[in-house]
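Input: a single structure, listed below in structure tokens.
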Amino acid sequence: MTEKEKRDKGDLYKLANSEELMLEIKTCKKMCYEYNQIQPDKMEERKEFIKKILGSTGENLQVESNFYCDYGYNTHVGENFYVNHNCVILDVAKVEFGDNVWIGGNVVVLPGVTIGDNVTIGAGSVVTKDIPSNTVAHGNPCRVVKQL
């Protein structure tokens, strides 16, 4: 079994720098770099390009530069998704965002996290675990501070 197959099964894998995984990471980093170079006023071009990076998206989304992720295909976002500047999604495992999610600036989302529908994540947060729908959360580690 390859290191990628072990990872995708949720098994321990030893070589995060295996040739296969490193090629995928390099490809995603290159795409993130290219995305971050697109002029801010080219909204449609930005939207179409970010859709090439992420695993799945709703139709209405906006991701501000700078944006970074490890693999891209492990990140799935719903409708009406907004990410402010300097977001990092560590998507070595699947990361899922529901509909109507707003992510503040300088947020880091760890692998395996699910963020529900209608959630606001405050600036500077480090999201280490699932965040339920209809909440506001912030901090390091990110915690729910308000039910909507």
Side-chain angles (χ1 to χ4, degrees), residues 1-38 44-145:
M1 189 179 310
T2 69
E3 298 302 298
K4 181 179 178 178
E5 290 169 335
K6 290 177 192 175
R7 182 203 68 188
D8 291 348
K9 256 183 82 179
D11 292 343
L12 290 176
Y13 62 104
K14 296 178 183 173
L15 297 174
N17 64 345
S18 72
E19 190 174 322
E20 178 182 27
L21 293 175
M22 288 306 297
L23 179 59
E24 290 183 356
I25 289 171
K26 286 178 184 177
T27 299
C28 185
K29 298 294 182 202
K30 183 177 184 277
M31 290 180 77
C32 287
Y33 175 83
E34 290 174 19
Y35 176 76
N36 290 328
Q37 304 312 305
I38 299 171
E44 195 59 33
E45 182 180 342
R46 292 176 62 78
K47 184 167 108 174
E48 292 308 312
F49 199 98
I50 198 71
K51 287 181 172 190
K52 293 177 187 175
I53 296 173
L54 303 179
S56 64
T57 70
E59 187 55 37
N60 186 25
L61 72 155
Q62 184 174 341
V63 178
E64 303 291 354
S65 296
N66 287 323
F67 172 80
Y68 304 98
C69 58
D70 290 322
Y71 293 93
Y73 61 76
N74 274 339
T75 298
H76 304 274
V77 305
E79 229 14 274
N80 301 313
F81 181 71
Y82 177 79
V83 176
N84 215 320
H85 300 283
N86 299 317
C87 180
V88 176
I89 300 175
L90 302 173
D91 63 349
V92 67
K94 185 185 267 189
V95 176
E96 296 181 283
F97 299 86
D99 295 333
N100 292 9
V101 173
W102 185 91
I103 306 293
N106 295 308
V107 169
V108 176
V109 181
L110 272 55
V113 168
T114 297
I115 296 175
D117 297 332
N118 194 33
V119 172
T120 299
I121 303 292
S125 294
V126 178
V127 185
T128 61
K129 62 182 182 177
D130 293 353
I131 304 295
S133 294
N134 302 308
T135 57
V136 175
H138 64 77
N140 181 4
C142 189
R143 294 189 174 117
V144 173
V145 295

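Legend: residues meeting salt bridge (charged side-chain N to carboxylate O under 4.0 Å, His left out) with Lys129, ordered by chain and number and at least two apart, are absent. Scanning for side-chain hydrogen bond (donor to acceptor under 3.5 Å, both in side chains) contacts around Glu24 gives Lys4, Tyr73, with sequence neighbours left out. For Asp130, the side chain to side chain contact (heavy atoms under 4.5 Å, CB included) test picks out Val113, Thr114, with sequence neighbours left out. Residues satisfying the side chain to side chain contact (heavy atoms under 4.5 Å, CB included) criterion with Ser133, sequence neighbours excluded, are Asp117. With sequence neighbours excluded, no residue forms a side-chain hydrogen bond (donor to acceptor under 3.5 Å, both in side chains) with Tyr68. Partners of Lys94 according to the side-chain hydrogen bond (donor to acceptor under 3.5 Å, both in side chains) rule, which considers only residues two or more places apart in sequence or in another chain, do not exist here. Partners of Phe81 according to the ring-ring contact (aromatic ring centres under 6.0 Å, His included) rule, which considers only residues two or more places apart in sequence or in another chain, are Phe97. Under the side chain to side chain contact (heavy atoms under 4.5 Å, CB included) criterion, Lys9 pairs with Met1, Asp11, not counting sequence neighbours. Lys26 pairs by the side-chain hydrogen bond (donor to acceptor under 3.5 Å, both in side chains) definition with nothing, not counting sequence neighbours.
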Side-chain donor/acceptor pairs under 3.5 Å, residues 134-142, sequence neighbours excluded:
from: Asn134; atom 1: OD1; to: Asn118; atom 2: ND2; distance (Å): 3.0
from: Thr135; atom 1: OG1; to: Pro132; atom 2: O; distance (Å): 2.7

Under 3.5 Å donor-acceptor pairs involving side-chain atoms of residues 84-93, not counting sequence neighbours:
from: His85; atom 1: ND1; to: Ser65; atom 2: O; distance (Å): 2.3
from: Asn86; atom 1: ND2; to: Asn106; atom 2: OD1; distance (Å): 3.4
from: Asp91; atom 1: OD1; to: Asp70; atom 2: N; distance (Å): 3.0
from: Asp91; atom 1: OD1; to: Tyr71; atom 2: N; distance (Å): 2.7
from: Asp91; atom 1: OD2; to: Gly72; atom 2: N; distance (Å): 2.7
from: Asp91; atom 1: OD2; to: Thr75; atom 2: OG1; distance (Å): 2.9

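The side-chain hydrogen bond (donor to acceptor under 3.5 Å, both in side chains) analysis of residues 52-62, with sequence neighbours excluded, yields the pairs Lys47-Glu59, Lys51-Glu59, Ser56-His76, Asn60-Asn80, Gln62-Glu64.
Annotation: the span from Thr27 atom OG1 to Ile53 atom CD1 amounts to 11.5 Å, rounded to 0.5 Å. With values rounded to the nearest 0.5 angstrom, Ile121 atom CD1 is found 14.5 Å from Tyr82 atom OH. Put simply, NZ on Lys29 and CE on Met31 are 13.0 Å apart, with the number rounded to the nearest 0.5 Å. To the nearest 0.5 Å, atoms CG (Asp8) and CD (Glu3) are separated by 11.5 Å. Taking CZ of Arg46 as the reference point, atom CD of Glu44 lies at 12.0 Å (rounded to 0.5 Å). Atoms CD1 and CD1, on Ile115 and Ile103 in that order, are 4.5 Å from each other to the nearest 0.5 Å.
Aromatic ring orientation, Phe67 versus Tyr35: perpendicular (interplanar angle above 60°, classes split at 30° and 60°).
Looking only at side-chain heavy atoms (C-beta outward), Glu19 and Met22 stay at 4.5 Å or farther from each other.
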>> side chain to side chain contact (heavy atoms under 4.5 Å, CB included), that's the test. Do Val77 and Val101 meet it? Break it down for me.
In response: CA-CA 9 Å; Val77 305; Val101 173; over 6 Å; no
